[in-house]
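For reference, the structure discussed in these notes is given below.
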There are 2 protein chains.
Amino acid sequence: MVGRLAADSIERRSGVSLWRQIADKILHAIAIGDFAENAPLPPEVALAERYGVNRHTVRSAIAALVQEGVLRAEQGRGTFVLSRKRLSYPIGARTRFSTGLQGQTTERHIVLLASSVEPASQRVAEGLGLARGAEVIRLETRGEADGRPVSRAAGWFDARRFAGIDAAMAETGSITASLARFGIDDYLRQSTVLSARHADAADLADLDLQPGAIVLVTVAVNVTPDGQPIQFSESRFPAERVELKLSAL
Amino acid sequence: MVGRLAADSIERRSGVSLWRQIADKILHAIAIGDFAENAPLPPEVALAERYGVNRHTVRSAIAALVQEGVLRAEQGRGTFVLSRKRLSYPIGARTRFSTGLQGQTTERHIVLLASSVEPASQRVAEGLGLARGAEVIRLETRGEADGRPVSRAAGWFDARRFAGIDAAMAETGSITASLARFGIDDYLRQSTVLSARHADAADLADLDLQPGAIVLVTVAVNVTPDGQPIQFSESRFPAERVELKLSAL
DNA sequence: TAAATTTGTCTATTGATATAGACAATTATA
DNA sequence: TATAATTGTCTATATCAATAGACAAATTTA
């Protein structure tokens, strides 16, 4: 065998501090089950040796995760994993927020943060099959499950066809229910483009993240069963709390 | 309209240095067409004001992107955008490396970096429907397009059924061609789970990334048309060079 | 109870990060 | 050919990040 396996290695002088990198590693270790929930983490000295850094650096990483609510440190006893598992958000032909998280969460809902009417940008117009500058309604929403933010989305709709969808959304708290009021009883995911980046200040505030966090970004178009585009959306998911499970589209 | 749009804001004391955050912002701005290709970036003083940092901090960000091959700085003239567009890697029922990037690239191939026979870990065994500890062949590969690394993957195969696939892979440079030698003339993507994280040291080396970069991670299972699992894989894509386009699975 | 284990706090030192200002070098423009 | 605009280099300073060591405080274990 040639080659080497990805070691528990870190990068110095990277623009990302060591404590942040180690916090990421601990999160990852929890996510893949390396560190069990409600169990103690290895002691700080062991972690320091494992990652090849000073104990104080490990302490900075742990402090950040305690701040995030992932760990709890108890003097004399140890540091314990609190974190719930990463949610698995299904993306498929019929991608729906609420139904997708059933079974993994006891409660979930969408909050309408803001809405506005605006001229369609180039990409929105293309996605919806409208002329550039045509009036569209934008809904800014946040998805929450068991009290934690799990998504932050902007959705655009043809303003002529869906006038009043903002009010419907505020009332029902559901895209699916709101569309039903306009005679849309079914819709399909036509396309999804996926990328990732660092969370910006808006993401940090909206998703209750710590600086340095990563967000998954999806840009999607939903259509009626006969192919008419009805919704263009861009969603952000906190990578530390959500993974995307791609099923049959 | 309530709410605010994502501003050009940055986070201090975040564990991610300002120059890295600004480099990310510039990359993003290029990706969404804010800064056109082959056109000059705004001058350093303008960027510094725009992002609310010192000119030298902007210079650090630009230096990193010059190092990455995204920008070219010319004294007295300006700093220019070189970057090729982000590749759009399709993921669907028949996900194939080479065909997926046709049209976007002139050349692409897979390099076999290493191979080994090993006992199946828990997740590999589950994915392939084998007993834990059963012998599997692991292929470590890198996908390259137009001379740039675009993916880094580990694939696992049942060692009994696919003995010699490592040699076939080394010879053909294609998973599809290698599987064909074992009578597999078609295979389908059964499941894909997607996440994102910071690149670790191995990713940086393998994908020629700068520290602080983000990688998209997919964990997938391929099956024969009648549902037999044949390949379990974990792939990493550099988020700054690749986006994933989900098509009909 | 005593010893061992583990987290918490403090001081000190070094290097990386970020700001600030001045000026040189190169190129485009009036 | 000046002048302006822009990137490149240098010095200096303050703060953050990381290492190092010592010891306190709390808890568990022998």
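The sequence lines fix the lettering, A, B, ..., with proteins before strands; numbering per chain opens at 1. Atom set for the values below is all heavy atoms of this structure, side chains included, hydrogens, waters and symmetry mates excluded.
At the phosphate of D/dA18, neither OP1 nor OP2 sits under 4.0 Å from any side-chain N or O atom of A/N54. Remark: A/T79 is in phosphate contact with C/dT7, judged by side-chain N or O atoms under 4.0 Å from OP1 or OP2. Residue A/T57 has a polar side-chain atom (N or O) positioned under 4.0 Å from OP1 or OP2 of D/dT19. For B/R77, a side-chain nitrogen or oxygen approaches OP1 or OP2 of C/dA28 to under 4.0 Å.
A donor and an acceptor atom sit less than 3.5 Å apart, one in the side chain of A/H56 and one in the base of D/dG21.
A ring pair (Phe, Tyr, Trp, His ring centres under 6.0 Å) check over residues 191-211 of chain A, counting only residues at least two apart or in different chains, returns the pairs A/H198-B/H198.
Here D/dA18 presents its P atom at 16 Å from CD of A/E44, a figure rounded to the nearest Å. Residue A/R20 contributes atom CZ, which lies 11 Å from atom P of D/dA18 at whole-angstrom precision. Rounded to whole Å, atom P of D/dA17 lies 10 Å from atom CG of B/L18. To the nearest angstrom, P of D/dA18 lies 8 Å from CH2 of A/W19. Look at CG on B/L47: it is 16 Å from P on C/dA18, rounded to the nearest Å. In this structure, the CD1 atom of B/I62 is 9 Å from the C1' atom of D/dT7, given to the nearest Å. One can place CZ of B/F80 at 11 Å from P of C/dT27, the figure rounded to the nearest angstrom. For A/E74 and C/dT5, the CD to C1' distance is 15 Å, given to the nearest whole Å.
When all heavy atoms are compared, the tightest approach of B/L216 to B/V242 is CD1-O, 3.9 Å.
Contacts of B/E126 classified as side-chain contact (heavy atoms from CB on, under 4.5 Å), with partners at least two apart in sequence or in another chain: B/Q122.
Few gaps surround CD on B/E74; more than 12 heavy atoms of other groups in view lie less than 6.0 Å from it.
One distance of note links CH2 of A/W19 with CG of A/D24; it measures 9.5 Å at 0.5 Å rounding.
Comparing D/dG8, C/dT7, D/dT6 by their closest approach to the side chain of B/R59 singles out D/dG8.
Within the 4.0 angstrom heavy-atom criterion, no nucleotide atom of any strand lies near A/V45.
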Measure all distances between protein nitrogen or oxygen atoms and nitrogen or oxygen atoms of nucleotides 23-25 of chain D, and list the pairs falling under 3.5 Å.
{"unit_1": "D/dA25", "atom_1": "O4'", "unit_2": "A/Q75", "atom_2": "OE1", "d": "3.3"}
{"unit_1": "D/dA25", "atom_1": "N3", "unit_2": "A/Q75", "atom_2": "OE1", "d": "2.9"}

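Checked against B/E240 for a side-chain contact (heavy atoms from CB on, under 4.5 Å), the options B/L207, B/I214, B/L209, B/V70 give a single hit: B/L209.
Salt bridge A/R55/A/E49: absent, no basic N to carboxylate O contact under 4.0 Å.
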